[in-house]
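Side chains are part of it too, since the values below use all heavy atoms of this structure and drop only hydrogens, waters and symmetry mates. Reminder, nothing fancy here: chain letters follow the sequence lines and each chain counts from 1.
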Amino acid sequence: MTDSEYTPPEIEAKWQKRWENDHLYKVTEDSPRPKWYEMTMFPYTSGALHIGHWYAMAPSDVHARFRRMQGYNVMHPMGFDAFGLPAENAAIKNKIHPFTWTMQNVENMRRQLKSIGACYDWDRELVSCLPEYYQWTQFLFLKLYHAGLAYRGTAPVNWCPHCQTVLANEQVLNDGHCERCDATVIKKDLEQWFFRITNYADEMLDFSKVQWPERIKTMQTNWIGKSQGTEIRFGMEASDDKEIRVFTTRPDTIFGVTFMVLAPEHPLVGKLTTPEHRKEVEDYITASRHRSEIERLSTTKEKDGVFIGAYAINKLNGERVPIWIADYVLLSYGTGAVMGVPAHDERDFAFAKKYQIPIKTVIAPHGWKGEELTEAYIEPGTMVNSGQFDGIPNKQGIEEVNDFIESKDYGQRKTTYRLRDWLISRQRYWGTPIPMVYCPECGVVPVPEEDLPVLLPEDAEFKPTGESPLKYCESFVNTTCPRCGGKAKRETDTMDTFMCSNWYYMRYTSPGCDTVPFDPAKMKYWMPVDQYTGGAEHAVMHLFYSRFFTKALRDVGLIDFDEPFIRLFNQGTIVYQKHKMSKSRGNVITPEEYVSVLGADTVRAYLMFIGPWSQGGEWSDTGINGISRWLNRVWNLVAGEEPAFHDKGDPSAILELQRITHRTIKKAYQDLDSFHFNTMLAALMEFSNYLGNVRDSKAIDRKSWQEAITTLLLLMAPSTPHLAEELWERTGHPYSIHQQLFPSWDEKLLVNKQVTMVIQVNGKLRDKLTVDASIAEADAKQLALEQERVKNYIEGKEIVKIIFVPGRLVNIVAR
RNA sequence: GCCGGGGUGGCGGAAUUGGCAGACGCGACGGACUUAAAAUCCGUUGGGAGUUUAUCCCUUGUGGGUUCGAGUCCCACCCUCGGCACCA
């Protein structure tokens, strides 16, 4: 009887091989079906997939398979995010070349991915570290460069004084120390490559063309940080030719300015500092440069600063205002200078208290009688001590002060953004080389498109010096100028790996294309992505950069759509032993140990069953047994001993079987459509449990039974593709179940003639009756009042009213 | 501090959006099968009272409120998990 045993490893291997040989999931652009492009974020080539990867990929595959069964021409591609720092660290540690390390991982991960049994079109696979891919990353960089969207500028970067190199943010530990040598990381100004993402700040606030979770849209909106305010010019007491510009959202408090603060790096600091304060100021600047970013940005740190000896003039009231520097003011935001209004700003209040700077109230709280404020008052109020603006509500005052300032040319309304341009330079080997050349004669010269790719040299040396191996690779650095032909040097920085993921979803449309990054006709057919799934941790990184990049490529003229991903769904995180899985914590679940015994279908279904996909969940070693048992029960139900059939079938039993079958179809359809996989599986379990009872009842004819079983298999096909395919074959259906349409339901069959009516007295359940679903209100009420149990509760009481909810309940209100 | 998700049995989680709280599954307990164990199958399983049959009371983080009726709506608070955090 081995033939009737469920042996997942055997049947899974069998079907995976067959699907691959038949190219069952290959998609082309000439299908009569409507297209559907569904993808999940490609994995980083860290070495092996753990169950967390499966948690992202398996349900996404289920959804893609569901769309196939709905009749779409579904493209569901897979690839590898293959550039990045871990490969370089592995090179240093294990003396293995990053390319070798990465490609070994790709091979291992591809093998693992194939075991999921997903409907990936493997012909479209891409690996971002291969020249056939990254030459186009370079190509697109050049397009942005020529459009003025890529530029070279100076930026403060993380600098480790011990390793003598720049560090990426992720290489700086939380306490501000270098991850490699533990020295304190400081900021240093270096020439870097940037993308003008700020050009798109306003357009990126517009989410009208996407259906994304509110959460992600809010995070991106906050990240852009658009702020409407006023830029105001303050004169200098000592010199007429200098002025300080400040940015404020509270011009209504301009009469309350009692000091001014510049960022320590502000260019005017050196010029304005008086000789007697110079030493103190320089010491402060040096100290703040050595403070780590974390320390400097800590909101709990007490605000400190030093007076530079100079005074500015508030043009609105002619008052002289002492100028300080303090590192809570950031050079990168606004103008790098703020006006200090201690009465109406918490930070300014704390600063003024510490240094005994006067606090002048200019916005009166309701019922204020001139008493000193004990804390900053930031609520609305009436303007006081503000000259001609006295008595005006401050909200209105903002506009009136703005009008006045603009009429006098003291400043103007201005919008600022928290968003900064995207710094894409990385001082590393294992990334896409930036295709630029430095020529002593011609300056910065882009590599011509026909000379791409600029290949990574294979013979670079990896030493733990903390510096980019490219910089010391003579064969790479020394080149000729594309313009004058003279001796020149290559750019040795490589691109941020987020550059690879900026456009990989476009490349999937045109695998192997070697004349352009993507084929316009294929792009027109597939793009944009209809459904993207992945973790929310990329909200202001990959998901943000890709929106920018899409808009930039549109403006360069390469594409004609505005948004890369129409619909976005974020799955939650799977945890084990209450923690996120990670190698360092040692709580990683490897899929193989379960796949090889229980099967991929069981693992897929269990991951879907843990809880709502959007919420994540905890892996349970015993919980998965429930799914395994269920799939065995389904197997026995379908492939086990044939049940004893009734000749014609009991009509009421058949009707009920139909009702439950169609109810299950509807539930499965709607749950799959909305990513509610856990409740879908619960419904399928109920259905199969019910079928088990039906089988034992002997009240059903052969045909009705076979219909129900066929439906069950079709409903299970997206979730457990191998099991469904095997049983599909065993029940005599032609190959393949994965080319069938999802069953549809008939609303008429869902209606139950008999329902359970709940009877309540004062809202408490007192009885239940089985009645006709169509029972009339009067009949229901009378029936309720006649029940013995009900009588006990209403005896001697006055019936105030009776609530009737058709087909559901009667509630008797008695006092 | 601000923004967002969440708090329901021993555990993971359901609940047609205001109408039978605890679907489905795990675990546990009891039974069948077995020489035995595993697997499988059948029962029981929120807490309490009770003549352990009938029946009743309590129960969705806490405290109030609205309603015939609240896990679901409103107000206040507590806890928890994410994200942002001196943005002037």
>> What is the separation between atom CD on Q228(A) and atom P on A88(B), rounded to the nearest whole Å?
In response: 11 Å
> Would U80(B) be called syn or anti, given that syn covers angles within 90° of 0?
Replying inline: anti
> So does K360(A) pair up with E319(A), basic N to acidic O under 4.0 Å?
Replying inline: yes
> Picking from A88(B), C87(B), C86(B), which would you name as closest to the side chain of D327(A)?
Replying inline: C86(B)
> Checking all strands, does G623(A) fall into the base, sugar-phosphate, or nothing category for heavy-atom contacts under 4.0 angstrom?
Replying inline: sugar-phosphate
> How about Y328(A) and F351(A): are their ring centres within less than 6.0 Å of each other?
Replying inline: yes
>> Both distances below 3.5 Å, Watson-Crick or wobble geometry, any strand: find the nucleotide opposite U35(B).
In response: none
> Will you find, in the side chains of Y690(A) and E656(A), an N or O donor that is under 3.5 Å from an N or O acceptor?
Replying inline: yes
> So what does N678(A) hit on the nucleic acid, given a heavy-atom distance under 4.0 Å: a base, only sugar-phosphate, or nothing?
Replying inline: sugar-phosphate
>> I'd like to know if K801(A) reaches the base of C68(B) with its side chain such that a donor and an acceptor end up less than 3.5 angstrom apart.
In response: no
> Considering only side-chain heavy atoms of M685(A), which listed nucleotide, C86(B), C87(B), C24(B), is closest?
Replying inline: C24(B)
> Using a cut-off of 4.0 Å on non-hydrogen atoms, how would the nucleic acid contact of E618(A) be classed: base, sugar-phosphate, or nothing?
Replying inline: nothing
>> Applying the Watson-Crick and G-U wobble criteria at under 3.5 Å, what pairs with C73(B)? Answer none if nothing qualifies.
In response: G65(B)
>> Rounded to whole Å, please give me the gap between OH in Y576(A) and C1' in C11(B).
In response: 14 Å
Pairs under 3.5 angstrom, nitrogen or oxygen only, protein versus nucleotides 53-58 of chain B, please.
unit_1: U55(B); atom_1: OP1; unit_2: R789(A); atom_2: NH2; d: 3.4
unit_1: C56(B); atom_1: OP1; unit_2: Y793(A); atom_2: OH; d: 2.8
unit_1: C57(B); atom_1: OP1; unit_2: R766(A); atom_2: NH2; d: 3.3
unit_1: C57(B); atom_1: OP2; unit_2: R766(A); atom_2: NH1; d: 3.3

> Is G30(B) paired to anything, Watson-Crick or G-U wobble with both distances less than 3.5 Å, and if yes, which nucleotide?
Replying inline: C42(B)
> Which one, C84(B), A14(B), G19(B), comes nearest to the side chain of R808(A)?
Replying inline: G19(B)
>> Taking C56(B) as the reference, what is the distance to G5(B) when you measure between their C1' atoms (whole Å, please)?
In response: 40 Å
>> Using side-chain heavy atoms (C-beta onward) and a distance below 4.5 Å, is L684(A) in contact with M716(A)?
In response: yes
> Any chance CD of E346(A) has more than 12 other-residue heavy atoms, nucleotides or ligands included, within less than 6.0 Å?
Replying inline: no
>> My understanding is that only one of F677(A), W212(A), W613(A) makes a ring pair (Phe, Tyr, Trp, His ring centres under 6.0 Å) with F569(A); could you say which?
In response: W613(A)
>> Could you tell me how far apart N689(A) (CG) and A23(B) (P) are, to the nearest whole angstrom?
In response: 13 Å
>> Please report the distance, rounded to the nearest Å, between CE in M219(A) and C1' in A85(B).
In response: 13 Å
> When all nucleic acid strands are considered with a 4.0 Å heavy-atom cut-off, which category describes D348(A): base, sugar-phosphate, or nothing?
Replying inline: nothing
>> Can you tell me which nucleotide in G25(B), A88(B), G27(B) comes closest to the side chain of T622(A)?
In response: G27(B)
>> Can you confirm if the aromatic rings of W324(A) and F259(A) lie within a centre distance of less than 6.0 Å?
In response: no
>> From NZ of K226(A) over to P of C84(B), roughly how many Å is that when rounded to an integer?
In response: 23 Å
>> Could you tell me the Watson-Crick or G-U partner of G6(B), where both distances fall under 3.5 Å? Say none if there is no partner.
In response: C79(B)
> Does the cation-pi check pass for R233(A) over Y410(A), that is, NZ or CZ under 6.0 Å from the six-membered ring centre and within 45° of its axis?
Replying inline: no
>> Just the rounded figure in Å: distance from P of A38(B) to CG of N632(A).
In response: 18 Å
> Taking any strand in view, what nucleotide pairs with C84(B) in a Watson-Crick or G-U wobble way, both distances under 3.5 Å?
Replying inline: G1(B)
>> Using a 4.0 Å heavy-atom cut-off, does V813(A) contact any base of the nucleic acid, only the sugar-phosphate backbone, or nothing at all?
In response: sugar-phosphate
Please list each protein N or O that sits under 3.5 Å from an N or O in nucleotides 2-5 of chain B, with the distance.
none

>> Please report the distance separating the P of C77(B) from the corresponding atom of G1(B), rounded so that it comes out in whole Å.
In response: 12 Å
>> With nearest nucleotide decided by heavy atoms, which residue, L809(A) or I812(A), maps closer to the 5′ end of RNA chain B?
In response: L809(A)
>> Please classify G9(B) as syn or anti, treating any glycosidic angle within 90° of 0 as syn.
In response: syn
>> Between G611(A) and S227(A), which residue's closest nucleotide on RNA chain B lies nearer the 5′ terminus?
In response: G611(A)
>> Over 60° means perpendicular and under 30° means parallel, so tell me whether Y545(A) and W422(A) are parallel, tilted or perpendicular.
In response: parallel
>> Given the ring of W745(A), does R663(A) sit roughly above its face, with NZ or CZ under 6.0 Å from the centre of the six-membered ring and within 45° of the axis?
In response: no
> Base, sugar-phosphate, or nothing for I803(A), non-hydrogen atoms under 4.0 angstrom?
Replying inline: base
>> Please give the distance between the P atoms of U52(B) and U40(B) as a whole number of Å.
In response: 36 Å
> Are any of the side-chain nitrogens in E399(A) or R413(A) under 4.0 Å away from the carboxylate oxygens of its partner?
Replying inline: yes
>> Check this one for me: any side-chain N or O of R347(A) less than 4.0 Å away from OP1 or OP2 of A88(B)?
In response: no
> If the C1' atom of A21(B) is compared with that of A70(B), how far apart are they to the nearest Å?
Replying inline: 11 Å
> Quick one: are the ring centres of W619(A) and Y594(A) less than 6.0 Å apart?
Replying inline: yes
> If we call it a pair only when both distances are under 3.5 Å in a Watson-Crick or G-U wobble match, what pairs with G18(B)?
Replying inline: none
>> Checking one value: the base orientation of U17(B), syn if chi is within 90 degrees of 0, otherwise anti.
In response: syn
>> Using atom C1' in both nucleotides, what's the gap between G47(B) and G9(B) to the nearest angstrom?
In response: 9 Å
> So what's C24(B) paired with, Watson-Crick or G-U wobble, going by both distances under 3.5 Å?
Replying inline: G12(B)
> With a 3.5 Å cut-off and no angle check, do the side chains of Y417(A) and D202(A) form a donor-acceptor pair?
Replying inline: yes
> Roughly how many Å is it from OH in Y606(A) to P in G12(B), rounded to a whole number?
Replying inline: 11 Å
> Any idea how F247(A) and Y333(A) line up, ring-wise: parallel (<30°), tilted (30 to 60°), or perpendicular (>60°)?
Replying inline: perpendicular
>> Could you tell me how far apart F677(A) (CZ) and A14(B) (P) are, to the nearest whole angstrom?
In response: 14 Å
> Can you tell me how far P in C74(B) sits from the matching atom in U67(B), rounded to whole Å?
Replying inline: 16 Å
>> What I want to check is whether an N or O donor and acceptor connect the side chain of E537(A) with the base of G83(B) at under 3.5 Å.
In response: no
> When all nucleic acid strands are considered with a 4.0 Å heavy-atom cut-off, which category describes R633(A): base, sugar-phosphate, or nothing?
Replying inline: sugar-phosphate
> Should U53(B) form a Watson-Crick or G-U wobble pair with both distances under 3.5 Å, which nucleotide is its partner?
Replying inline: none
>> Roughly how many Å apart are U60(B) and U72(B), using the C1' atom of each and rounding to a whole number?
In response: 10 Å
> Looking only at atom C1', what distance separates G18(B) and G71(B), rounded to whole Å?
Replying inline: 11 Å
